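Everything on this sheet refers to the single structure shown next.
For clarity, every value in this text was computed on a predicted model and none was experimentally measured.
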Amino acid sequence: MRPFAVLPIAVAVAMAACSSSSVQPSEPATDGGSPEAGNLSSSGSGGATGGGADSGASTSSSGSGLGADSSSGSSGSSSGGSGSGSDGGSTGSTDAGGSTDAGESRDAGGSRDAASGDSGSPGADSGTGQGPCDIYQAANTPCVAAHSTVRALYASYTKALYQVTRASDKTTKDILAGTGGVADTSVQDSFCAGTTCTISIIYDQSPQGNDLEKAPPGATWLPNGGTESSASKGKISVSGHTVYGIYVTGYSDNVAYRNNNTKGVATGNQAEAMYMVVDGARFSSSCCFDYGNAEKDSKDDGNGTMEAIYWGTDTAWGGFGEGAGPWVAADLENGMFKGDKGGYNYGATNTTPWPTAQSVIAKFATTMLKGPSVDTFTLKAGNAQSGSLTTMWNSSRPSPNYSPKALQGAIILGTGGDGSNGGTGTFFEGAMTSGNPTDAVDDAVQANIIAAGYGR
């Protein structure tokens with residue numbers, strides 16, 4: 001999917017999505033403007049630092065949506081969660097394959113286990129003794145990918161979270177999980193002093209070994225491949241620790257991570273689910289700030305060949321949500337779907353908002369996409385600092401050719417399946433599962449994210 005013309009509505013919206021169209025925009029699409037009276041702004045403290053808002057990034061939201069809760073001490077349970085009941089009739093473990101030994105950490109070889117700061121303090125959840133992937137494992141829907149530059153997603157994980165590369169001499173350094181499972185970035189700060197660093201590998205904490213490196217050449221919109229994120233721009237605090245995210249700016253830096261040779265990730269019509277935590281103040285209307293399942297050839301291979309979370313304010317390819325966004329959507333290829341309709345230029349003639357697609361107004365946002373092997377999908381989102389998840393969609397897939405799925409099992413972060421590079425966002429953590437978890441598991445993962453202490 002790819003950006004196209006300007007919608008004929010009162011507010012200009014740059015159209016975008018992950019299509020194989022040959023139309024290329026002449027300049028970056030931008031959101032933004034000042035917060036309107038009576039609306040909550042997601043700018044301010046707690047967002048990513050390092051240069052402020054970018055071209056293509058919006059730092060304000062208006063209209064109805066999930067309100068920001070700035071209570072920094074909130075870490076209560078999010079039980080009760082969504083109000084929509086079942087996940088399309090699929091509960092517990094389903095038919096996706098993959099490993100079920102997700103509680104084990106693998107030996108990645110090389111320097112990954114090299115001592116680096118405080119590497120002897122397990123614990124992914126600031127004292128609860130489990131991480132999101134422990135929760136998924138206990139529910140028999142194990143993680144097949146677990147990526148974070150912020151914290152360990154298993155309580156027992158003490159190895160490297162990511163690798164940085166120093167510009168001055170091209171040497172590398174692994175950044176391990178330290179005290180409380182949070183990244184020991186003092187090692188990075190020392191290693192990168194006097195020069196700059198990029199994040200060259202995001203290690204997969206699951207036993208599948210699905211590490212993410214910069215996207216290889218060959219994508220339709222990134223023919224020369226992706227670039228690595230700055231190691232310092234996405235700077236935030238988590239439980240009193242300085243950490244860094246994956247910082248992507250649309251039509252600017254070409255930051256893109258990809259693994260086209262994965263293990264255990266859903267293919268065909270297998271069931272899966274995924275979540276990611278992002279900076280709620282950084283987004284764009286263009287395609288595509290995604291995390292999830294994509295094509296292995298880095299091309300648009302048709303409807304149903306993707307299943308990835310999209311974060312942003314796209315309306316061209318999925319229509320409008322309530323308020324001004326940002327919204328969570330499902331990039332299922334050739335559309336960023338908030339419901340069962342969408343596709344190229346959909347928003348040009350369909351301006352009535354999807355009533356369940358609420359704006360997510362928060363300093364940090366949890367986003368979820370669930371893809372059972374039946375003809376449904378589920379979208380959820382919430383404030384990563386407090387409260388429960390809200391179900392944005394839990395019903396039929398679009399048509400034609402979106403069910404059964406035709407997944408290929410590559411993993412992308414920061415772009416669309418064909419390399420569409422207009423999305424803006426900052427990624428802090430995310431995971432993908434084998435099988436479709438229950439609502440109760442979703443709620444437990446959200447509570448775990450809150451307890452991690454984003455912005456505190």
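- Relative orientation of the Phe364 and Tyr454 rings is tilted, given thresholds of 30° and 60° on the angle between their planes.
- Each of Thr305, Asp301, Thr267 was compared with Gln408 under the side-chain hydrogen bond (donor to acceptor under 3.5 Å, both in side chains) criterion, and only Asp301 meets it.
- Gln188 and Tyr162 share a donor-acceptor pair across their side chains, judged by distance under 3.5 Å alone.
- When only modelled atom types and interatomic distance are considered, Tyr203 and Asp174 share a side-chain donor-acceptor pair under 3.5 Å.
- Within the 3.5 Å criterion, the main-chain N or O of Thr249 finds no donor-acceptor partner in the side chain of Thr424.
- For the residue pair Asp211 and Tyr257, no side-chain donor N or O sits within less than 3.5 Å of a side-chain acceptor on the partner.
- Under the side chain to side chain contact (heavy atoms under 4.5 Å, CB included) criterion, Ala145 pairs with His147, Asp204, Tyr291, Ile411, Met432, not counting sequence neighbours.
- No side-chain heavy atom of Leu369 sits under 4.5 Å from any side-chain heavy atom of Thr367.
- With a 6.0 Å cutoff to the six-membered ring centre and a 45° limit on the axis angle, Arg282 counts as a cation-pi contact of Tyr247.
- Side-chain contact check for Asn260 and Ser298: at least one donor-acceptor pair (N or O, by modelled atom type) lies under 3.5 Å.
- No side-chain donor-acceptor contact under 3.5 Å links Glu429 and Ser148.
- Not less than 6.0 angstrom separates the ring centroid of Trp354 from the ring centroid of Trp327.
- Within the 3.5 Å criterion, the main-chain N or O of Gly409 finds a donor-acceptor partner in the side chain of Asn293.
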- request: Would you please test Thr356 and Thr391 for side-chain contact (heavy atoms from CB on, under 4.5 Å) and show each step?
  value: CA-CA 8 Å; Thr356 57; Thr391 298; over 6 Å; no

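- Between Ser200 and Gln163, the side chains place a donor N or O and an acceptor N or O closer than 3.5 Å (distance only, hydrogens not considered).
- Looking at residues two or more places apart in sequence or on another chain, you find no salt bridge (Lys or Arg N to Asp or Glu O under 4.0 Å) involving Lys338.
- Under the 3.5 Å distance criterion, with hydrogens and angles disregarded, no donor-acceptor pair is assigned to the side chains of Glu213 and Asn259.
- Take Thr195 and apply the side chain to side chain contact (heavy atoms under 4.5 Å, CB included) test, not counting sequence neighbours, and it matches Arg166, Ala167, Ser168.
- Evaluation of the side chain to side chain contact (heavy atoms under 4.5 Å, CB included) rule for Ser399 yields no partner, not counting sequence neighbours.
- Scored by the side chain to side chain contact (heavy atoms under 4.5 Å, CB included) test, Asn401 finds Asn303 as partners (sequence neighbours excluded).
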field: Criterion side-chain contact (heavy atoms from CB on, under 4.5 Å) on Thr149 and Leu161, from CA distance to verdict
entry: CA-CA 6 Å; Thr149 56; Leu161 300 176; 5.9 Å; no

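- There is no side-chain donor-acceptor pair under 3.5 Å between Thr313 and Ser285.
- With Ser359 contributing its side chain and Glu322 its backbone, the two residues share a donor-acceptor pair below 3.5 Å.
- Judged as a salt bridge (Lys or Arg N to Asp or Glu O under 4.0 Å), and not counting sequence neighbours, Arg258 has no contacts.
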